[in-house]
Amino acid sequence: MPELAPALEVLGLVPRPSVLALPVLQDLPRHDLGPTQVLCYSGRPVAQVDSYVGARLVEVLDACGLSERPRSELKRCVVVAQGNDGYQAIFSWNELYNSTIGEKALVLYEKNGAPLEAHLGRICLISANDARLGPRHLRGLSQVVVKML
(Lines give C-alpha, C1' and ligand atoms only; values in the text may rest on other atoms or scores of the structure.)
Protein backbone atom coordinates (compact mmCIF):
# COMPACT_ATOMS: atom_id res chain seq x y z
CA MET A 1 0.00 0.00 0.00
CA PRO A 2 1.53 3.39 -1.00
CA GLU A 3 2.17 5.97 1.73
CA LEU A 4 -0.33 8.81 1.77
CA ALA A 5 1.00 12.26 0.95
CA PRO A 6 1.28 14.50 4.01
CA ALA A 7 -1.69 16.77 4.54
CA LEU A 8 -3.08 19.17 7.12
CA GLU A 9 -6.75 19.04 8.07
CA VAL A 10 -8.29 22.44 8.93
CA LEU A 11 -11.66 22.14 10.69
CA GLY A 12 -14.09 23.89 12.99
CA LEU A 13 -15.39 27.41 12.49
CA VAL A 14 -13.64 28.01 9.18
CA PRO A 15 -16.08 28.62 6.30
CA ARG A 16 -14.26 26.11 4.07
CA PRO A 17 -12.96 23.16 6.10
CA SER A 18 -10.16 21.61 4.07
CA VAL A 19 -7.51 18.97 3.84
CA LEU A 20 -4.44 20.82 2.55
CA ALA A 21 -1.86 18.57 0.91
CA LEU A 22 1.79 19.51 1.23
CA PRO A 23 1.96 21.05 -2.29
CA VAL A 24 -0.95 23.36 -1.39
CA LEU A 25 0.90 24.51 1.75
CA GLN A 26 4.03 25.06 -0.35
CA ASP A 27 2.04 27.25 -2.75
CA LEU A 28 1.19 29.69 0.06
CA PRO A 29 3.65 32.58 0.63
CA ARG A 30 6.97 31.13 1.79
CA HIS A 31 8.50 32.35 5.07
CA ASP A 32 12.07 31.53 6.12
CA LEU A 33 12.91 31.86 9.81
CA GLY A 34 16.66 31.71 9.25
CA PRO A 35 18.86 30.50 12.14
CA THR A 36 16.60 29.27 14.93
CA GLN A 37 17.32 27.80 18.35
CA VAL A 38 14.52 25.79 19.93
CA LEU A 39 14.48 25.80 23.74
CA CYS A 40 12.19 23.69 25.88
CA TYR A 41 10.16 25.38 28.61
CA SER A 42 13.00 24.89 31.12
CA GLY A 43 15.42 26.69 28.78
CA ARG A 44 17.31 23.55 27.77
CA PRO A 45 18.35 23.66 24.08
CA VAL A 46 16.40 21.13 22.01
CA ALA A 47 17.50 22.00 18.47
CA GLN A 48 19.56 24.51 16.49
CA VAL A 49 18.79 24.88 12.78
CA ASP A 50 20.08 27.12 10.02
CA SER A 51 16.68 27.54 8.42
CA TYR A 52 13.04 26.55 8.90
CA VAL A 53 10.65 27.30 6.02
CA GLY A 54 6.88 27.21 5.96
CA ALA A 55 3.60 29.09 5.59
CA ARG A 56 2.19 31.37 8.26
CA LEU A 57 -0.57 29.72 10.26
CA VAL A 58 -2.76 32.79 9.62
CA GLU A 59 -2.37 32.31 5.86
CA VAL A 60 -3.38 28.65 6.20
CA LEU A 61 -6.45 29.70 8.21
CA ASP A 62 -7.31 32.45 5.75
CA ALA A 63 -7.04 29.98 2.84
CA CYS A 64 -9.95 28.23 4.59
CA GLY A 65 -11.86 31.51 5.00
CA LEU A 66 -11.37 32.28 8.70
CA SER A 67 -11.03 36.06 8.17
CA GLU A 68 -14.44 36.07 6.44
CA ARG A 69 -16.20 35.43 9.76
CA PRO A 70 -17.59 38.42 11.69
CA ARG A 71 -14.93 40.13 13.81
CA SER A 72 -17.16 39.84 16.89
CA GLU A 73 -16.93 36.04 16.56
CA LEU A 74 -13.23 35.97 15.72
CA LYS A 75 -12.30 37.74 18.95
CA ARG A 76 -13.70 34.75 20.85
CA CYS A 77 -11.91 32.07 18.80
CA VAL A 78 -9.03 29.82 19.71
CA VAL A 79 -6.96 27.77 17.30
CA VAL A 80 -5.96 24.29 18.44
CA ALA A 81 -3.16 22.62 16.49
CA GLN A 82 -2.66 18.91 17.02
CA GLY A 83 0.13 16.53 16.15
CA ASN A 84 -0.07 12.85 15.24
CA ASP A 85 0.97 12.01 18.82
CA GLY A 86 -1.95 13.97 20.35
CA TYR A 87 0.24 16.89 21.53
CA GLN A 88 -1.57 20.22 21.17
CA ALA A 89 -0.58 23.87 20.81
CA ILE A 90 -3.22 26.54 21.42
CA PHE A 91 -3.40 30.11 20.14
CA SER A 92 -6.01 32.81 20.58
CA TRP A 93 -7.25 34.61 17.48
CA ASN A 94 -5.88 37.83 18.99
CA GLU A 95 -2.38 36.33 19.37
CA LEU A 96 -2.30 35.24 15.73
CA TYR A 97 -3.89 38.26 14.09
CA ASN A 98 -3.15 41.14 16.46
CA SER A 99 0.34 40.51 17.84
CA THR A 100 3.82 39.60 16.71
CA ILE A 101 3.16 35.93 17.60
CA GLY A 102 1.22 35.48 14.35
CA GLU A 103 4.10 36.75 12.22
CA LYS A 104 6.19 33.70 13.07
CA ALA A 105 3.64 31.01 13.88
CA LEU A 106 4.55 28.80 10.94
CA VAL A 107 3.38 25.53 9.46
CA LEU A 108 6.80 24.12 8.57
CA TYR A 109 7.68 21.79 5.72
CA GLU A 110 11.42 22.44 5.24
CA LYS A 111 14.51 22.44 7.45
CA ASN A 112 17.98 23.49 6.29
CA GLY A 113 16.91 23.44 2.63
CA ALA A 114 15.48 19.91 2.69
CA PRO A 115 12.18 18.25 3.69
CA LEU A 116 11.69 17.81 7.44
CA GLU A 117 13.24 14.72 8.99
CA ALA A 118 11.00 11.75 9.76
CA HIS A 119 11.01 12.40 13.53
CA LEU A 120 9.48 15.87 12.93
CA GLY A 121 6.84 14.61 10.48
CA ARG A 122 6.53 16.06 6.97
CA ILE A 123 4.54 19.00 8.41
CA CYS A 124 5.12 20.56 11.81
CA LEU A 125 4.39 23.81 13.63
CA ILE A 126 6.51 26.35 15.45
CA SER A 127 5.69 29.61 17.21
CA ALA A 128 9.04 31.33 16.70
CA ASN A 129 8.15 34.59 18.48
CA ASP A 130 7.54 32.76 21.76
CA ALA A 131 10.27 33.23 24.37
CA ARG A 132 10.66 29.43 24.57
CA LEU A 133 9.86 27.70 21.29
CA GLY A 134 9.60 24.15 22.58
CA PRO A 135 6.07 24.21 24.07
CA ARG A 136 4.49 25.20 20.73
CA HIS A 137 6.92 23.29 18.49
CA LEU A 138 4.54 20.58 17.37
CA ARG A 139 5.79 17.56 15.43
CA GLY A 140 3.69 15.72 12.88
CA LEU A 141 1.09 18.49 12.58
CA SER A 142 -2.07 16.81 11.34
CA GLN A 143 -4.98 19.01 12.32
CA VAL A 144 -5.90 22.61 13.11
CA VAL A 145 -9.32 23.22 14.65
CA VAL A 146 -10.88 26.66 15.19
CA LYS A 147 -13.22 26.81 18.19
CA MET A 148 -15.24 29.57 19.81
CA LEU A 149 -15.12 30.13 23.56
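Counting begins at 1 with the first residue of the sequence. What you are looking at is a predicted structure, and each value in this text was computed from that prediction instead of being measured.
Checked against L66 for a side chain to side chain contact (heavy atoms under 4.5 Å, CB included), the options L96, L74, V60 give a single hit: L74. Tested against L141, the residues L125, L57, N84 include a single side chain to side chain contact (heavy atoms under 4.5 Å, CB included) partner, L125.
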Which atom pairs, donor and acceptor, lie under 3.5 Å between side-chain atoms of residues 23-34 and protein residues at least two apart or in another chain?
{"residue": "R30", "atom": "NH1", "partner": "E110", "partner atom": "OE1", "Å": "3.4"}
{"residue": "R30", "atom": "NH2", "partner": "E110", "partner atom": "OE2", "Å": "3.0"}
{"residue": "H31", "atom": "NE2", "partner": "E59", "partner atom": "OE1", "Å": "3.2"}
{"residue": "D32", "atom": "OD1", "partner": "G34", "partner atom": "N", "Å": "2.7"}
{"residue": "D32", "atom": "OD1", "partner": "S51", "partner atom": "OG", "Å": "2.8"}
{"residue": "D32", "atom": "OD2", "partner": "S51", "partner atom": "OG", "Å": "3.2"}

Could you pull out every donor-acceptor pair under 3.5 Å between side chains of residues 75-83 and any protein atom, sequence neighbours left out?
{"residue": "Q82", "atom": "OE1", "partner": "Q88", "partner atom": "NE2", "Å": "2.9"}

side-chain contact (heavy atoms from CB on, under 4.5 Å) between Y52 and I126, intermediate numbers included: CA-CA 9 Å; Y52 272 134; I126 197 165; 3.9 Å; yes
Test log, rule side-chain contact (heavy atoms from CB on, under 4.5 Å), inputs V53 and L108: CA-CA 6 Å; V53 173; L108 302 174; over 6 Å; no
Steps toward side-chain contact (heavy atoms from CB on, under 4.5 Å) verdict (C124, L138): CA-CA 6 Å; C124 69; L138 198 143; 5.8 Å; no
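The environment of NZ in K111 is crowded: more than 12 heavy-atom neighbours from other residues, nucleotides or ligands sit within 6.0 Å.
Listed by first then second residue, pairs satisfying ring-ring contact (aromatic ring centres under 6.0 Å, His included) with a partner in residues 56-93 read W93-Y97, not counting sequence neighbours. Evaluation of the salt bridge (Lys or Arg N to Asp or Glu O under 4.0 Å) test over residues 133-149, restricted to residues two or more places apart or in two chains, returns E95-R136, D130-R136. Applying the side chain to side chain donor-acceptor pair (under 3.5 Å) test to every pair with at least one member in residues 9-25, sequence neighbours left out, gives these pairs: E9-Q143, R16-E68.
Within the 4.5 Å cutoff, the side chain of R69 has heavy atoms near those of the P15 side chain.
Note on I90: it does not cluster hydrophobically with L61, by side-chain heavy-atom contacts below 4.5 Å among ILVMFWY residues. Residue V19 is not grouped with residue V107 when hydrophobic side chains (ILVMFWY) are merged at heavy-atom distances under 4.5 angstrom, including chains of intermediate members.
Remark: the backbone N or O of N112 is not paired with any side-chain donor or acceptor of D50 at under 3.5 angstrom.
Closest heavy-atom contact between L11 and P17: CD2-CB, 4.3 Å. Residues V58 and G102 approach most closely at CG2-O, 4.5 Å, considering heavy atoms. A pairwise comparison of heavy atoms in L8 and I123 identifies N-CD1, 4.1 Å as the closest pair. In this structure, L116 and R122 approach most closely via the heavy-atom pair N-NH1, 3.4 Å.
With sequence neighbours excluded, no residue forms a salt bridge (charged side-chain N to carboxylate O under 4.0 Å, His left out) with E103.
To the nearest 0.5 Å, atom CD1 of residue I101 and atom CG of residue N129 are 5.5 Å apart. To the nearest 0.5 Å, atoms OG (S99) and CG (N94) are separated by 6.5 Å.
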